[in-house]
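One structure is given here, and the rest of the page talks about it.
The chain is numbered in sequence order, starting from 1.
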Amino acid sequence: MRIEKVDIGFVEIIENAIIEKIVCRYDGTCTVHFYDKSPQELNVGCSSFHSQYGIPVSDDGTRLFVGSWEKGLCAYDILSGEVLWRFKPGKIRNIFVYSKFLIVSRANTSVIKIDIDTGELLDSIKSGTLEHIFDLGFPYIFADTMLGKHCIIDVEKMVVVKKYSSKIVNPFDCLSLMIRNVTLQDNVIIVSGVEQYPNKLYDAEMRENGKTFSRIIDNNFTSFQCPI
């Protein structure tokens, strides 16, 4: 997936076997462009869906999931344009699609698990301070942050399996730290992003753009002994 911002809204390049791209406009409409058929226009009824999070499509290319701050989460049949189900309330950010359910983050509220066919709420974990979640490969996601801790969640069981304190993720005690990516590979978790103001000092050289970082926060993830 690749997102390109344009004057009318944004274009999401899907590049799968069925869908070429999705054009989303600030007037609340989305147009799905296929490789082998005419485009399908959907009226999603909101203008504030978040371009930075994208609009995910089901693995079989038949359903599209639109999350927004104001309208909540909606599932659409791509071929007919019909609304399959709606889930409220809003504050929707990340949406991760699995075979039988969706994992969705709601800003500063919770991580929720929703039935992909019915829109029924299956489970949730309250967060309080949630910013973003990152897919680590099924069944794990990284949540930044939940009740002051960075967490790994098993989305199949909907349980927190590991926690990390800010001193592990932010060892230089930076006043501003933005996580942009988290990966899990060979049992090692690496966090990368941008940090500013080390030791909470207003360093003029780092004030404008900050400094990129990439650091290992766990080199033995499956030990499941939570560092704090």
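- Between the side chains of Asn187 and Asn220, at least one donor N or O lies within less than 3.5 Å of an accepting N or O.
- Between Gly61 and Ile19, the shortest heavy-atom contact is O-CD1, 4.2 Å.
- Criterion: ILVMFWY side-chain heavy atoms under 4.5 Å apart, direct or through other members. Under it, Ile92 and Phe96 are not part of a common hydrophobic cluster.
- Note that the CD1 atom of Ile153 and the NZ atom of Lys163 stand 10.5 Å from one another [nearest 0.5 Å].
- Val104 and Ile125 fall into different hydrophobic clusters, where Ile, Leu, Val, Met, Phe, Trp and Tyr are joined by side-chain heavy atoms under 4.5 Å apart, directly or via other members.
- Side-chain contact between His132 and Asn94: present, with at least one pair of heavy atoms (C-beta onward) separated by less than 4.5 Å.
- Checking side-chain atoms of Asn170 against main-chain N and O of Cys174 turns up a donor-acceptor pair under 3.5 Å.
- Ion pairing of Arg180 with Asp144 is absent here, as no side-chain N (NZ or NE/NH1/NH2) approaches a carboxylate O to less than 4.0 Å.
- Using cut-offs of 30° and 60° on the angle between ring planes, the pair Phe138 and Phe101 is tilted.
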For the pair Asp154 and Lys162, evaluate salt bridge (charged side-chain N to carboxylate O under 4.0 Å, His left out) and give the outcome as yes or no after the intermediate values.
-> CA-CA 9 Å; Asp154 182 325; Lys162 209 158 189 180; over 6 Å; no

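- Using a 4.5 Å heavy-atom cutoff, the side chains of Met158 and Ile103 are in contact.
- Contact of the Leu184 side chain with the Phe221 side chain is registered, since non-hydrogen atoms from C-beta on lie closer than 4.5 Å.
- Hydrophobic clustering, with ILVMFWY side chains joined whenever heavy atoms are under 4.5 angstrom apart, keeps Met178 apart from Val169.
- Residues Pro89 and Arg106 meet the side-chain proximity criterion, which asks for heavy atoms closer than 4.5 Å.
- A 4.5 Å side-chain heavy-atom check between Thr145 and Leu130 finds every atom pair outside the cut-off.
- The shortest distance between side-chain heavy atoms of Ile78 and Thr62 does not fall below 4.5 Å.
- Hydrophobic clustering, with ILVMFWY side chains joined whenever heavy atoms are under 4.5 angstrom apart, keeps Val111 apart from Leu136.
- Proximity of Ile168 to Lys149: side-chain heavy atoms (C-beta onward) are nowhere separated by under 4.5 Å.
- The distance from the NE2 atom of His33 to the CD atom of Gln40 is 11.0 Å, given to the nearest 0.5 Å.
- The backbone N or O of Cys30 sits nowhere less than 3.5 Å from a side-chain atom of Arg25 that would complete a donor-acceptor pair.
- Distance check, rounded to the nearest 0.5 Å: CD of Glu131 to OG1 of Thr129 gives 7.5 Å.
- Phe87 pairs by the ring-ring contact (aromatic ring centres under 6.0 Å, His included) definition with nothing, not counting sequence neighbours.
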What's the verdict on side-chain contact (heavy atoms from CB on, under 4.5 Å) for Val66 and Tyr76, showing C-alpha distance, side-chain angles and the deciding distance?
-> CA-CA 8 Å; Val66 178; Tyr76 291 84; 4.1 Å; yes

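- Note: Ile179 CD1 to Glu195 CD = 10.5 Å, rounded to the nearest 0.5 Å.
- Residues Tyr164 and Asp218 form a side-chain contact, since some pair of their non-hydrogen atoms from C-beta on lies under 4.5 Å apart.
- Following chains of ILVMFWY side-chain contacts shorter than 4.5 Å, one can reach Ile112 starting from Leu73, so the two form part of one hydrophobic cluster.
- Val188 belongs to a hydrophobic cluster whose remaining members, ordered by chain and number, are Ile190, Ile216; membership requires side-chain heavy atoms of ILVMFWY residues under 4.5 Å apart, directly or through intermediates.
- Atom OG in Ser214 sits 8.5 Å away from atom CG in Asn181 (nearest 0.5 Å).
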Run the side-chain contact (heavy atoms from CB on, under 4.5 Å) check on Val161 and Tyr140 step by step: do they pass?
-> CA-CA 9 Å; Val161 296; Tyr140 301 116; 4.2 Å; yes

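- Residues passing the salt bridge (charged side-chain N to carboxylate O under 4.0 Å, His left out) test with Asp77, sequence neighbours excluded: none.
- Across all non-hydrogen atoms, the minimal contact from Val160 to Cys151 is CG1-CB, 4.0 Å.
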Full working for side-chain contact (heavy atoms from CB on, under 4.5 Å) between Ile141 and Phe134 | CA-CA 5 Å; Ile141 64 170; Phe134 300 86; over 6 Å; no

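- Residues Leu147 and Gly128 approach most closely at CD2-CA, 4.2 Å, considering heavy atoms.
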Steps toward side-chain contact (heavy atoms from CB on, under 4.5 Å) verdict (Leu175, Gln196) | CA-CA 6 Å; Leu175 184 63; Gln196 293 177 288; over 6 Å; no

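- The six-membered or imidazole ring of Phe213 lies away from that of Phe172, with a centre-to-centre distance of 6.0 Å or more.
- Contact between Met146 and Lys126 at its shortest, heavy atoms only, is CE-O, 3.4 Å.
- A pairwise comparison of heavy atoms in Val155 and Lys113 identifies O-NZ, 3.2 Å as the closest pair.
- Rounded to the nearest 0.5 angstrom, Leu64 CG and Ile22 CD1 are separated by 4.5 Å.
- Annotation for Trp85 and Asp117: closest pair CD1-O, 3.4 Å, computed over non-hydrogen atoms.
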